[in-house]
Structure formats: structure tokens, C-alpha cells
K.L.:
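Below: one structure in C-alpha cells.
This chain uses plain numbering: 1 for the first residue, then up along the sequence.
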Amino acid sequence: MDSPADGAGGPAVTPLLIACALGIEQVALRSALRRTRAGRSDRSGPSGRTLDAGPVTVLRTGMGPGNAERATARALGTDRNRDAAVIASGFCAGLAPGMNPGDLIVADETRGPHGSTPCTGTALLVEALSRALPGRTVHTGPLTGSDHVVRGPERAGLRATGALAVDMESAATLHSALSAGSRPVAAVRVVVDAPEHELVRIGTVRGGISAFRVLRAVIPAFLEWHRSLLLPRR
């Protein structure tokens with residue numbers, strides 16, 4: 001779990017918890033958070049007043065929906081993160097033809113065994129990511145959950161449900177977050193493989209590097225989304 005120092009000055013706002021499954025995802029997000037905060041000088045909000053970005057935690061949950069649900073619940077049970085807004089992030093498998101490694105998925109809802117979970121501030125995240133990563137394709141739509149890596153014909157079956165992408169943790173993370181109390185939730189994933197670029201095929205390493213670089217660039221958009229919520233501590 002990552003615990004950067006709180007921002008200085010201005011009124012405190014709700015903390016932010018960024019949940020990911022893998023060590024490589026945590027490395028990308030943590031390093032980007034340190035770099036972004038070290039270089040940040042303009043912290044003014046839309047009203048012109050200075051905003052405290054609040055404490056930000058990058059949580060590694062481990063793989064799979066069970067681990068994601070348990071780790072998120074534990075993190076939100078602490079005093080530091082009890083009221084935190086939650087973003088599920090990391091890599092995913094794209095479902096739509098024409099997707100490429102490095103494309104971004106901003107979920108408008110996540111789907112899992114417990115049903116669908118609407119996401120907060122989707123349009124704002126899309127705009128912020130488009131500014132942070134000009135030229136990168138940003139897809140918006142349902143993000144579905146799975147308890148295993150999806151390949152081949154199963155990918156087409158999930159696409160037929162209307163989902164744009166699939167991963168193992170986002171739906172469980174957001175369900176767990178809302179089970180612990182009302183809060184803003186979002187899911188942003190980077191495509192690491194797609195119908196024409198499956199992990200088992202040639203080009204896997206190149207696609208993985210592209211996705212890693214994109215994941216290292218999303219933090220400014222996450223912080224913009226977080227600050228825009230202007231949620232006071234309860």
C-alpha cells in the first residue's frame with residue numbers, strides 16, 4: 001500500500017484510493033504519483049481557490065475478484081481511507097475489434113456477479129485523460145468482470161453482451177467500495193491485449209510496454225477527477 005504525504009494548504013477533501021491487482025501496475029501508478037506530486041505547483045480549483053488533493057493510496061489487491069473485494073474492504077476499514085473515493089485501475093483485455101494495446105477504457109459501469117455498478121464522473125475522466133494522453137484512444141462503456149483470463153471465442157461472447165473490455169478485479173473492487181458506504185467510484189483500465197493482439201501472440205512484449213507507459217501517464221487525470229469532486233470529509 002502506498003501512503004504519500006497529504007497535500008499542504010487549503011481545506012481537506014475526501015482521500016483517494018487507487019486499487020490495482022499486479023505489482024507492475026502498482027509500480028507504474030506509484031512512480032507516476034510521486035512524479036506528478038513532485039512537479040505540481042498549480043493546485044487551484046475551478047473557483048480559483050487552492051485545493052488540498054488529499055491523501056492518495058495506491059493499493060495492490062492481488063489478482064482475482066476475491067482478493068480485490070477483500071483488500072478493498074480492508075483498506076476502506078482504516079481511518080485513513082474510510083471515506084475515500086475509489087478508482088479501480090490497471091490492465092484489461094479489450095473486447096471490440098480494432099482495439100490496440102495502450103487504448104484506454106473508462107467504464108460507465110462495471111458488471112459482475114452482484115449486478116452492475118454505475119461509475120461517477122465518467123465524462124470528466126474521459127476529458128482529463130484525453131488532455132493527459134493526446135492521441136490515445138479513449139473508449140467509454142461497460143467493463144465486465146471475470147474470474148479468469150479471457151481468450152478466443154469467450155471474448156466474442158462477452159462482447160455480444162455490450163461490454164467493451166474485461167478484467168478480473170474492477171467490478172469486485174467497486175462493489176466492495178460501495179458496500180462499505182456511499183462514495184464516488186470509477187474504473188479506468190489500459191488495454192494490454194485485444195482481439196487482434198492476444199497475449200499469446202507475437203507482439204505481446206511490445207503491447208505490454210505500450211500499456212505500461214500509458215498507465216504511468218494516467219495519474220494527473222485521476223487527481224483532476226478527485227479534486228473536482230470537492231467532497232468534504234464527513
K.L.:
May I ask you to say whether Glu224 pairs ionically with Arg131, meaning some side-chain N is under 4.0 Å from a carboxylate O?
P.N.:
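A salt bridge links Glu224 with Arg131.
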
K.L.:
Has the side chain of Arg111 got a donor or acceptor atom that lies under 3.5 Å from a matching backbone atom of Gly115?
P.N.:
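No, because the side chain of Arg111 does not come within donor-acceptor range (under 3.5 Å) of the backbone of Gly115.
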
K.L.:
Just by distance, with hydrogens left out, do Thr14 and Arg183 show a side-chain donor and acceptor under 3.5 Å apart?
P.N.:
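Arg183 and Thr14 do not have a side-chain donor-acceptor pair below 3.5 Å.
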
K.L.:
Hey, are the side chains of Asp193 and Phe91 touching, using non-hydrogen atoms and a 4.5 Å cut-off?
P.N.:
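Of all side-chain heavy-atom pairs linking Phe91 with Asp193, none is under 4.5 Å.
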
K.L.:
A side-chain contact here means heavy atoms from C-beta on lying under 4.5 Å apart; do Leu29 and Val218 qualify?
P.N.:
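Yes, their side chains come closer than 4.5 Å.
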
K.L.:
Is there a side-chain contact between Arg82 and Thr78 (heavy atoms, below 4.5 Å)?
P.N.:
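Sidechains of Thr78 and Arg82: no contact.
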
K.L.:
If you look only at pairs with a residue in residues 85-108, which of them pass as a salt bridge (charged side-chain N to carboxylate O under 4.0 Å, His left out), with sequence neighbours excluded?
P.N.:
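As it turns out, there is no salt bridge (charged side-chain N to carboxylate O under 4.0 Å, His left out) pair with a partner in residues 85-108 once direct neighbours are skipped.
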
K.L.:
Looking at every heavy atom in both Val185 and Pro118, which two are closest together, and how far apart are they?
P.N.:
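Taking Val185 first and Pro118 second, the nearest heavy atoms are CG2-O, 3.8 Å.
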
K.L.:
As an exercise, state the distance from NE2 of His148 to CE of Met168, rounded to the nearest 0.5 Å.
P.N.:
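Rounded to the nearest 0.5 Å, the NE2-CE separation comes out at 9.0 Å.
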
K.L.:
To the nearest 0.5 Å, what is the distance between CD1 (Ile18) and NE2 (His226)?
P.N.:
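Atom-to-atom, Ile18:CD1 and His226:NE2 are 9.0 Å apart.
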
K.L.:
When you compare the side chain of Leu164 with that of Met99, does any pair of heavy atoms fall below 4.5 Å?
P.N.:
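In contact.
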
K.L.:
Could you go through the side chain to side chain contact (heavy atoms under 4.5 Å, CB included) check for Leu223 and Leu16 one step at a time?
P.N.:
CA-CA 8 Å; Leu223 298 183; Leu16 175 63; 4.3 Å; yes

K.L.:
Would you compute the distance between atom CZ of Arg155 and atom CG of Leu95 and round it to the nearest 0.5 angstrom?
P.N.:
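Rounded to the nearest 0.5 Å, the CZ-CG separation comes out at 6.5 Å.
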
K.L.:
Search all heavy atoms of Asn81 against all heavy atoms of Ala75 and return the closest pair with its distance.
P.N.:
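Answer, listing the atom of Asn81 first, then Ala75: CB-O, 3.2 Å.
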
K.L.:
With side chain to side chain contact (heavy atoms under 4.5 Å, CB included) as the criterion, how do Ile87 and Leu17 come out once you've worked through the C-alpha distance, each side chain's angles and the decisive distance to 0.1 Å?
P.N.:
CA-CA 6 Å; Ile87 297 179; Leu17 177 70; over 6 Å; no

K.L.:
What distance do Ser31 atom OG and Leu215 atom CG have between them, rounded to the nearest 0.5 Å?
P.N.:
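So the OG of Ser31 and the CG of Leu215 are separated by 8.5 Å.
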
K.L.:
Pairing donors with acceptors under 3.5 angstrom, does anything connect the side chains of Thr57 and Arg80?
P.N.:
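Checked: Thr57/Arg80 side chains pair up, N/O donor to acceptor below 3.5 Å.
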
K.L.:
Treating Thr36 as the side-chain partner and Leu33 as the backbone partner, does any N or O pair qualify as donor plus acceptor under 3.5 Å?
P.N.:
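Here the side-chain-to-backbone pair does not exist.
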
K.L.:
Are the side chains of Ile105 and Val190 in touch, meaning some heavy atoms are under 4.5 Å apart?
P.N.:
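Counting from C-beta outward, Ile105 and Val190 never come under 4.5 Å.
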
K.L.:
Is any side-chain heavy atom of Val58 closer than 4.5 Å to a side-chain heavy atom of Glu25?
P.N.:
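With C-beta onward as the side chain, the pair stays apart.
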
K.L.:
State, to 0.1 Å, how close Pro65 and Ala172 come at their nearest heavy-atom pair, and which atoms those are.
P.N.:
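Between these two residues, the closest heavy atoms are O-CB, 3.4 Å.
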
K.L.:
Please check: side-chain N/O of Arg60 versus main-chain N/O of Gln26, any donor-acceptor pairing under 3.5 Å?
P.N.:
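Such a contact is absent between Arg60 side chain and Gln26 backbone.
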
K.L.:
Using the rule given for side chain to side chain contact (heavy atoms under 4.5 Å, CB included), can you reason through Leu143 versus Arg189, listing the C-alpha separation, both sets of side-chain angles and the distance that settles it, and then say yes or no?
P.N.:
CA-CA 9 Å; Leu143 176 62; Arg189 292 275 171 173; 3.9 Å; yes

K.L.:
Mind checking whether Ser170 and Thr110 have side chains closer than 4.5 Å, heavy atoms only?
P.N.:
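Contact flag for Ser170/Thr110 side chains = yes.
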
K.L.:
Quick one: CD on Glu69 to CG on Leu174, what's the gap to the nearest 0.5 Å?
P.N.:
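Between Glu69 CD and Leu174 CG, I get 11.5 Å after rounding to 0.5 Å.
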
K.L.:
Looking at every heavy atom in both Leu59 and Ala71, which two are closest together, and how far apart are they?
P.N.:
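Shortest heavy-atom contact: CD2-O, 3.7 Å.
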
K.L.:
Using the side-chain contact (heavy atoms from CB on, under 4.5 Å) definition, which of the options Thr137, Val188, Val191 pairs with Leu104?
P.N.:
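Single side-chain contact (heavy atoms from CB on, under 4.5 Å) partner of Leu104 among Thr137, Val188, Val191: Val188.
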
K.L.:
I need the minimum non-hydrogen distance between Phe222 and Ser89, along with the two atoms involved.
P.N.:
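That would be CZ-OG, 3.6 Å.
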
K.L.:
So, for Leu125 and Ala221, which heavy atoms are closest and what is the spacing to 0.1 Å?
P.N.:
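Minimum heavy-atom separation between Leu125 and Ala221: CD2-O, 4.1 Å.
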
K.L.:
Can you tell me how far the CG atom of Leu124 sits from the OG atom of Ser228, to the nearest 0.5 Å?
P.N.:
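Answer for the CG-OG pair, Leu124 versus Ser228, is 4.0 Å.
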
K.L.:
Which side chain to side chain donor-acceptor pair (under 3.5 Å) pairs, counting each pair once, include a residue from residues 117-129, with sequence neighbours left out?
P.N.:
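Qualifying pairs, neighbours excluded: none.
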
K.L.:
Is any side-chain heavy atom of Arg136 closer than 4.5 Å to a side-chain heavy atom of Ser210?
P.N.:
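Contact flag for Arg136/Ser210 side chains = yes.
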
